[in-house]
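Have a look at the structure below before the remarks.
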There are 4 protein chains.
Amino acid sequence: MGSDHHGNRYGRSEQARTAVLHAADDLLVEHGFAGLTIEKIAAKAGVAKQTIYRWWPSKVDILLDAYGPDQARDLTPADLGSLDADLRAHLATVASFLTTSDAGAVYRALVGQAQHDPVLADRLRSTHLADQRVRDRLPFERAIARGELPSDVDIDAAAQRLIAVIHYRVLVTGEPVDRSFTDALVDDFLAQ
Amino acid sequence: MGSDHHGNRYGRSEQARTAVLHAADDLLVEHGFAGLTIEKIAAKAGVAKQTIYRWWPSKVDILLDAYGPDQARDLTPADLGSLDADLRAHLATVASFLTTSDAGAVYRALVGQAQHDPVLADRLRSTHLADQRVRDRLPFERAIARGELPSDVDIDAAAQRLIAVIHYRVLVTGEPVDRSFTDALVDDFLAQ
Amino acid sequence: MGSDHHGNRYGRSEQARTAVLHAADDLLVEHGFAGLTIEKIAAKAGVAKQTIYRWWPSKVDILLDAYGPDQARDLTPADLGSLDADLRAHLATVASFLTTSDAGAVYRALVGQAQHDPVLADRLRSTHLADQRVRDRLPFERAIARGELPSDVDIDAAAQRLIAVIHYRVLVTGEPVDRSFTDALVDDFLAQ
Amino acid sequence: MGSDHHGNRYGRSEQARTAVLHAADDLLVEHGFAGLTIEKIAAKAGVAKQTIYRWWPSKVDILLDAYGPDQARDLTPADLGSLDADLRAHLATVASFLTTSDAGAVYRALVGQAQHDPVLADRLRSTHLADQRVRDRLPFERAIARGELPSDVDIDAAAQRLIAVIHYRVLVTGEPVDRSFTDALVDDFLAQ
DNA sequence: ACTTAACCGAGACGGTACGTCTCGTCTTTAG
DNA sequence: CTAAAGACGAGACGTACCGTCTCGGTTAAGT
């Protein structure tokens with residue numbers, strides 16, 4: 001069957017892997033990034049420290065593993081039939097994800113740590129951020145297919161101007177990012 | 001006389017203070033935030049750990065002290081006679097400050113750490129970020145005074161949309177922020 | 001079939017058994033008792049750890065297995081025709097065995113470990129030491145049979161006084177135990 | 001005053017030092033040499049591990065420090081006025097020390113460990129064993145001064161033959177070493 | 001000049017977490 | 001059923017820093 005064993009030569013324990021990811025997630029949300037230690041993850045997951053070090057070089061690698069699926073699940077924009085609706089819904093989702101979800105807390109911690117760690121920054125950008133950029137393009141690509149937008153529009157630039165402000169407020173100024181704010185962003189963009 | 005003493009009851013040693021600030025700055029640039037320890041700052045500054053703990057509660061407080069003057073010196077937008085010129089110059093200055101200067105490295109470290117430390121985030125926002133927001137308004141305020149912009153324009157919103165993209169690329173995506181990019185931002189804004 | 005198999009339903013592998021004993025012996029002599037780990041024995045013997053744990057409870061049990069035959073082979077006193085000759089030869093053999101042979105190194109390690117481990121001490125005494133005590137009596141028993149000694153002599157006490165000094169110098173003081181020393185012991189004993 | 005401080009540049013804490021030595025002693029007696037870990041010593045002594053590593057390279061160094069004074073205190077032979085009395089008393093004291101005292105347990109552990117560690121063996125011999133050899137000579141030196149023995153007697157050899165048997169029984173055979181046994185040793189020696 | 005008291009350097013202290021090592025157990029696949 | 005292989009939970013290792021403390025020396029204002 002392949003996954004519910006205690007450890008053998010033919011592969012790692014899926015049980016231990018998920019226990020570690022969940023423990024890391026919980027501890028980050030409860031005690032913050034500084035309170036997230038390998039020691040505590042191991043204790044909470046009921047796992048030996050060596051098992052963690054065997055599979056993850058550091059605690060940020062655990063967070064990277066834990067974050068990936070959440071992002072794909074929560075940040076894929078739905079097709080609501082129009083660019084206006086798609087963008088309003090997606091920006092509101094992004095704002096809520098970043099400010100209120102556990103996965104958003106993991107994301108903020110990773111971006112924070114990336115400021116101190118260029119290797120992490122590279123990994124984060126080449127994996128999760130690149131993945132998300134593809135998802136952020138979807139509303140625009142669908143709008144072009146519908147004929148709502150000309151086909152030569154610079155999608156990445158447009159998406160970035162909308163997404164950037166949300167991240168800036170979340171990561172830097174700490175100002176709230178509510179529905180009226182994200183709707184205003186869309187209004188401005190569509191009025192252009 | 002007030003600054004070159006080894007210690008007495010009537011005040012702290014200015015020599016020790018500046019040695020600590022410079023040591024912290026150097027260590028941050030050389031070894032990154034994780035390599036910045038009180039122990040190493042003390043050793044590099046030729047100062048006792050207790051002297052550091054007497055005056056700064058933590059290493060981020062040292063960085064906050066070290067950062068303040070740099071920001072005011074480097075990020076005040078000059079008056080070049082027109083909104084167009086002022087914005088082009090200011091955004092280019094901000095981009096260069098954030099990506100290439102030592103003070104920019106300190107800023108990025110502080111914003112990074114603020115993701116893990118809400119108290120630091122509050123302090124950063126209520127002091128340095130609030131100060132900078134005032135400076136970022138200057139081009140717009142001068143434009144209103146010149147009659148280039150109507151007096152009811154939402155300055156903070158306008159400034160934020162321009163500044164946010166630069167921060168997003170610096171802090172999150174790591175994309176370069178060169179002169180042509182900042183100029184395009186200004187073009188877009190003025191065309192609106 | 002009997003001995004050269006890789007693991008099957010017909011019993012343990014003699015090949016694995018001897019490989020373990022030899023690997024343990026080698027590692028003890030090369031790297032000392034602390035450098036003798038089950039992990040290293042398994043690696044050197046080309047055997048799985050579990051195979052060792054299946055057959056030996058601990059590393060000292062491996063050493064006990066390895067030691068037994070050596071002692072019987074090397075420490076049985078020959079009959080040279082007289083008490084004087086027998087004792088001189090035997091004590092010299094014992095001294096040389098303890099100080100220079102690989103088996104002597106194993107013995108010293110076992111006695112050393114027995115100081116920390118009462119269970120090992122008991123096992124060592126009830127097996128190997130009891131066996132050796134029988135062998136150490138032989139010169140005296142032959143001397144009584146020859147009429148060189150009265151039949152009521154306390155053989156164990158006599159043997160112990162001679163053997164003890166050799167062990168003391170080997171285990172405690174580290175002083176050399178050369179032929180002149182053992183001969184002097186015999187001289188003293190016979191002059192009594 | 002010089003000894004009751006918490007730690008500063010002018011010297012180590014005597015309080016921490018004695019707490020470590022006592023903890024090590026207690027743990028050895030309670031849990032044996034294998035159960036004696038730096039971790040547990042630190043915990044029991046209420047001391048940081050680093051404090052132990054600062055002053056002692058290993059746990060055997062702690063035991064060496066702890067053992068020294070005990071040996072000098074307990075194993076110095078008193079002058080009872082005659083060789084016969086001095087020897088009987090001293091051998092009985094040695095036997096009792098080795099078999100029943102806490103310090104004797106430390107000694108046995110050190111000698112046991114010395115079988116695995118030549119560096120420890122050298123240190124033990126050049127310090128504590130050399131010191132004890134001096135004390136073991138005292139009854140004989142006093143006997144020569146009294147005229148009980150000729151001045152050319154080989155004191156070290158004589159002392160060793162008596163002492164060795166006790167150590168052999170304690171360290172190797174585990175046989176009891178009671179007063180009648182040590183008295184018989186003295187009888188034999190004096191009858192010679 | 002002398003006292004006084006805060007500040008200075010140095011560094012030992014009790015701790016926490018690190019990342020590594022080895023232990024003895026458990027689980028799988030092959031013969 | 002035994003074997004090899006190796007992942008597992010457990011826990012001690014020795015190191016690095018943390019933030020606190022105590023010490024003796026330095027310095028300058030107030031006697």
Side-chain angles (χ1 to χ4, degrees), chain A residues 1-2 4-13 15-16 34-40 42-43 45-55 57-59, chain B residues 1-2 4-13 15-16 37-40 42-43 45-55 57-59, chain C residues 5-13 15-16 34 37-40 42-43 45-55 57-59, chain D residues 2 4-13 15-16 34-43 45-55 57-59:
Chain A
M1 46 78 237
D4 184 34
H5 53 77
H6 187 70
N8 62 51
R9 70 185 299 190
Y10 297 97
R12 62 193 288 192
S13 161
Q15 199 170 302
L36 180 70
T37 66
I38 299 281
E39 210 104 324
K40 281 181 189 151
V47 143
K49 280 167 64 180
Q50 186 56 47
T51 298
I52 297 182
Y53 283 109
R54 185 162 19 239
W55 301 111
S58 74
K59 67 179 181 180
Chain B
M1 48 82 236
D4 184 32
H5 54 77
H6 186 70
N8 61 52
R9 70 189 295 190
Y10 296 98
R12 64 192 287 192
S13 161
Q15 197 171 303
T37 66
I38 299 283
E39 210 104 312
K40 282 181 187 152
V47 145
K49 281 167 64 181
Q50 186 56 47
T51 299
I52 297 181
Y53 283 109
R54 184 159 23 233
W55 301 110
S58 75
K59 68 179 180 179
Chain C
H5 51 78
H6 184 70
N8 59 40
R9 64 173 55 168
Y10 302 103
R12 68 188 287 192
S13 160
Q15 196 172 302
T37 67
I38 301 280
E39 212 101 78
K40 282 180 188 153
V47 144
K49 280 166 62 182
Q50 187 56 43
T51 300
I52 297 181
Y53 283 109
R54 185 160 19 236
W55 301 110
S58 75
K59 67 179 181 179
Chain D
D4 185 32
H5 51 76
H6 187 68
N8 60 51
R9 70 187 299 189
Y10 298 98
R12 63 194 288 192
S13 161
Q15 200 171 302
L36 181 70
T37 65
I38 300 281
E39 209 105 325
K40 282 181 188 150
I41 296 172
V47 145
K49 280 168 64 181
Q50 186 56 48
T51 298
I52 297 181
Y53 284 109
R54 185 158 23 233
W55 301 111
S58 74
K59 68 180 181 179

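Lettering follows sequence order; numbering is per chain, from 1.
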Original post:
About how many Å separate NZ of A:Lys49 and OG1 of A:Thr37, when rounded to the nearest 0.5 Å?
Top reply: 9.0 Å
Subject >> Spacing between A:Gln15 atom CD and F:dG9 atom C1', to the nearest angstrom >> reply: 12 Å
Subject >> Heavy-atom closest contact (B:Ala42 atom, B:Ala48 atom, distance) >> reply: CB-C, 4.3 Å
Subject >> Under the side chain to side chain contact (heavy atoms under 4.5 Å, CB included) test, residues paired with D:Ala16 that sit two or more places apart >> reply: D:Ser13, D:Val47, D:Thr51
**OP:** Tell me whether the OP1 or OP2 atom of E:dC13 has a side-chain N or O from D:Arg54 closer than 4.0 Å.
**Re:** yes
**OP:** Starting from the 5' end of DNA chain F, give me the residue, C:Thr51 or A:Ala16, whose nearest nucleotide shows up first.
**Re:** C:Thr51
Original post:
Is there a side-chain polar atom (N or O) of D:Trp55 under 4.0 Å from OP1 or OP2 of E:dC13?
Top reply: yes
**OP:** Mind checking salt bridge (charged side-chain N to carboxylate O under 4.0 Å, His left out) for B:Lys40 and listing every partner two or more places apart, or none if nothing turns up?
**Re:** none
**OP:** Give a yes/no on whether any side-chain N or O of D:Arg12 is located under 4.0 angstrom from OP1 or OP2 of E:dC13.
**Re:** no
**OP:** Calculate, to the nearest 0.5 Å, the distance between atoms CD1 and CD belonging to B:Ile38 and B:Gln50 respectively.
**Re:** 11.0 Å
**OP:** Mind checking the CG-CD1 spacing from D:Leu36 to D:Ile41? Nearest 0.5 Å is all I need.
**Re:** 4.0 Å
**OP:** Spell out protein contact along nucleotides 14-19 of chain F as letters: B when the base is contacted, S when just the sugar-phosphate is, - when no protein heavy atom is under 4.0 Å; keep the 5' to 3' order.
**Re:** BBBBBB
